[in-house]
Amino acid sequence: MQQILHIILYKILAFIKPEMDFSLRGVVKSVGSTVVYAGFAAGAFIVALRALDFLLIEQRIGLFLLHRFISIVLFIFFLSVNVGNIVVSYSTLFRSPEVAFLLTKPINPVRIFVIKFFDNFFYSSGTLLMVLVALLTGFTWYFKINVFYSLILFLFNFLPFMLTAGLIGVLLLLLLINTTLKFGFRKVVSILALGYVSIIIVFFQFSSPMDTVNGVMKYFPNVDGYFANLIPAYIKFLPNNWLAESMFWMAKGEIQLAIPYMVLQVSLASVLLIIVVLVGKANYLKTWHKSIDFQENTRKKAEGSKVFSFEKPSIFKNPLTDVLLKRDFHLFLREPAQIIHFSVLFFLILVFVSSLPGLSMMASKRVVLFTFVFLAVYIFNIFFIITISLRYVFPLVSMEGNVIWKIKSAPIDTGKLLNRRLATPLLVIMLLSQFMSIFIVGRFSGHLIIPMSVVSFASTFFLAMMSFGMGGLFIDLKEKNPVRLSSSQGASISFLFSMIYLVILIILLFIPLSDFFTGYLRHRIYETAAVYKISGVILILSLIGGYLFYRIGVRSLEKDV
Amino acid sequence: MIQFKDLTKKFGSFTAVNSIDLHIRKGSLYGFLGPNGAGKSTTIKMLTGIYSLSGGDIVVDGMSILKYPQKIKMITGYIPDQPYLYDRLTGKEFLFFCGGLFGLDKKSVKLRIEEMIETLKLGDWLNKRTEEYSQGMKQRVAIASAFLHHPRLIILDEPMVGLDPQSAVLVKQFLKRKSEEGITVFMSTHSLNVVEEICSDVGIINKGKIIFSGGLDELLSMKNELSHNFETLFIELTSENQN
């Protein structure tokens, strides 16, 4: 234990020390970051208050339904943290030079495993944790739950809930690495993906939001009660339900009824933690060695690959374009973390698209609710774009750090270099975004496909350019790991800016869309002029904003680094 | 001090280290030579616990690495080719950190650091963040960290890479002195001059197999017999093995 505390102490010391850069730019960046974090926390707090007000006072959905919705959101959140932890844990537990350093010291590997797990958990979930704490504070403020009980809710339900998601993630990662060498990477990842798809399908099959809405609305206006019969039996065993139930009883002021769910939540997290420690004790070092073998095998296989070979001429006549594209292609394929993350994101898109028919069914004839559901589903598409941009565009500039000596000494324009590097991810993200936009909007109304495609184009351009520009602003030429770059402080701030962009998008689109849906649902009139107009405004603003961020990104490599 | 017994490392179908048997005696300064990709770093990584063993065993001071990895690490100091240092910690903080990993109390770490400041000429640099260090200074701090706990065995992977002449002389003298004090030094290197200058024993690995192991004297007499210089002898030995 003493050794663990010793390592943690020095890690904290290294973490809290300010950056070396005491220039005006550095100070502005630090102050700006703090302002963005604080502003975003305040924004999330206000959004929570407004959303609760809207749902409970304006829409009068009642406390029970509200908490069923919270339970669904928490389920999605649980899976996101879980999958996110698999990806980031791979980098921190199996690819980190710090682990290699610590393994050469007389430290029991399980201690390294535990330290790195928590390091990864708080590092990668830090921003999400901040946003959720702000939302949770909004919730407890709205229902006037006192500070003591709010803290209890956070410490004994919310935190163990997140921990459970992370712990399951790391267990799955160990399983993944251990089975990959035996059965092959593709087979194992496919089985895992299939497992997740099944879980999502089963969850929505057994807890249909529409059935819950209809079930509760039968009792309207007495919708604040507890309708135990509307909670499917198996849902009662899920951690997201325990958290939602605790929140429900706390909102009603019946704290004693919230406690059993906290006990369950803490017990599950504790049991899982013990299991993870025991599994780590028995397997971490072995798995580390296996992951090295896996990396070496992948490297050897990739070395033999003739696909898109540097030696062969390609369709790109310009030598710079040719070598840059080939370099990025091979580096992508030879980095297991890149492939795992891309597979996971691609798979999530497929799950999302395949679950659309069920989601669009949630919309009723009520215009506001219809608009709300449409926007929620549409924004989810943009949310994917944010994730992909952060993951693959944000690290672009910093990743040049590996060869900055060559780039700077070669007779090339860094702007041209970055343009070429940016083109491929931008094209891929744009295609994905258009595909999802057409598919999503088509589920609701074909008349909106064109204007919403314009919005998707504008958003994708802006968000990708913002990730690029912020990646340049927070350039880190020493970090060689793209996964760590995309969960760094700069990436977190970029994520928060993206959220602000999303809120602006919702504000701009809400009225024109609800006007369209009013005509569409009530009179079968398709009045799209207002939606076209606002999509034009969004396009112009996004192009201007995107271009400014693009300039920041390009300029970052022109400076002394 | 170290015995490699039928040591093998395979990555899939590729054999990086192929059934090597070596004995490194206590107090020797062993130069581990070989061309690029010969298996030097893989051997060192197995010795330090970073890689697993595909076959065979390594015995250090009578303890098998398969049975007593932690005990072996307690008596070992390791300096990699690219030492990992926490950028935002100062050199001194890093040394205190490393001392703690070996269970040393602050007082003895402090005393040890003062000794190292003298011997390795670390001076005021120790109070600066390691991100400001040159390659040479990083290497010196890494060497200091490896000697904090009075190890009986020191393992170095290419310690001379990127060092300025002053640092190189300093490191060579330091290692030689430590070896004279009875500490076993196992060092992989490309530099034949370094081997000739400070090593007492030499091993040459090529394509995962040991092609020469013995005292420096043996190698020197071989060199003289063939009227070669050291470089030509090395090239001849490693190319003979290739054919």
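The structure presented is a predicted model; accordingly, all values stated were derived computationally and were not measured. Reckoned from all heavy atoms, side chains included, excluding hydrogens, waters and symmetry mates. Naming: A, B, ... by sequence-line order, numbering from 1 per chain.
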Next on the checklist: Quick one: does any side-chain atom of A/Gln3 pair with a main-chain N or O of B/Gly100 as donor and acceptor, under 3.5 Å?
Outcome noted: no
Is it the case that more than 12 heavy atoms not belonging to [X] sit under 6.0 Å from its [atom1] atom?
X: B/Lys128; atom1: NZ; value: yes
X: B/Lys106; atom1: NZ; value: yes
X: B/Tyr84; atom1: OH; value: yes
X: B/Lys178; atom1: NZ; value: yes
X: B/Asp105; atom1: CG; value: yes

Checklist outcome for this item: If one checks every heavy atom of A/Tyr10 against chain B at 4.5 Å, the contacting part turns out to be both
Checklist entry - By a 4.5 Å heavy-atom criterion (distance strictly below it), what part of A/Ile7 contacts chain B: side chain, backbone, both, or neither? => result both
Next on the checklist: Between B/Phe96 and chain A, with a heavy-atom cut-off of 4.5 Å, which part of the residue counts as in contact: side chain, backbone, both or neither?
Outcome noted: both
Checklist entry - Checking heavy atoms, do the side chain of B/Lys71, its backbone, both or neither come under 4.5 Å from chain A? => result neither
Item to check | Stepwise side-chain contact (heavy atoms from CB on, under 4.5 Å) test for B/Phe11 and A/Ile292 | outcome: CA-CA 9 Å; B/Phe11 296 109; A/Ile292 296 238; 4.2 Å; yes
Checklist entry - Highest number of heavy-atom pairs under 4.5 Å with chain A: which of B/Ile75, B/Thr48, B/Leu47? => result B/Thr48
Atom [atom1] of [X] and atom [atom2] of [Y]: how far apart are they, to the nearest 0.5 Å?
X: B/Ile155; Y: A/Thr104; atom1: CD1; atom2: OG1; value: 9.0 Å
X: B/Ser52; Y: A/Lys290; atom1: OG; atom2: NZ; value: 9.5 Å
X: A/Ile107; Y: B/Lys73; atom1: CD1; atom2: NZ; value: 8.0 Å
X: B/Tyr51; Y: A/Asp293; atom1: OH; atom2: CG; value: 8.5 Å
X: B/Leu53; Y: A/His289; atom1: CG; atom2: NE2; value: 8.5 Å

Checklist entry - Between B/Phe97 and A/His6, how do the two ring planes meet: parallel, tilted or perpendicular, split at 30° and 60°? => result parallel
Item to check | Residue pair A/Trp288 / B/Ile50: nearest heavy atoms and the distance that separates them | outcome: NE1-O, 2.8 Å
Checklist entry - Does the side-chain contact (heavy atoms from CB on, under 4.5 Å) test come out yes or no for A/Phe101 and B/Cys98, once each step is laid out? => result CA-CA 10 Å; A/Phe101 160 73; B/Cys98 291; 4.0 Å; yes
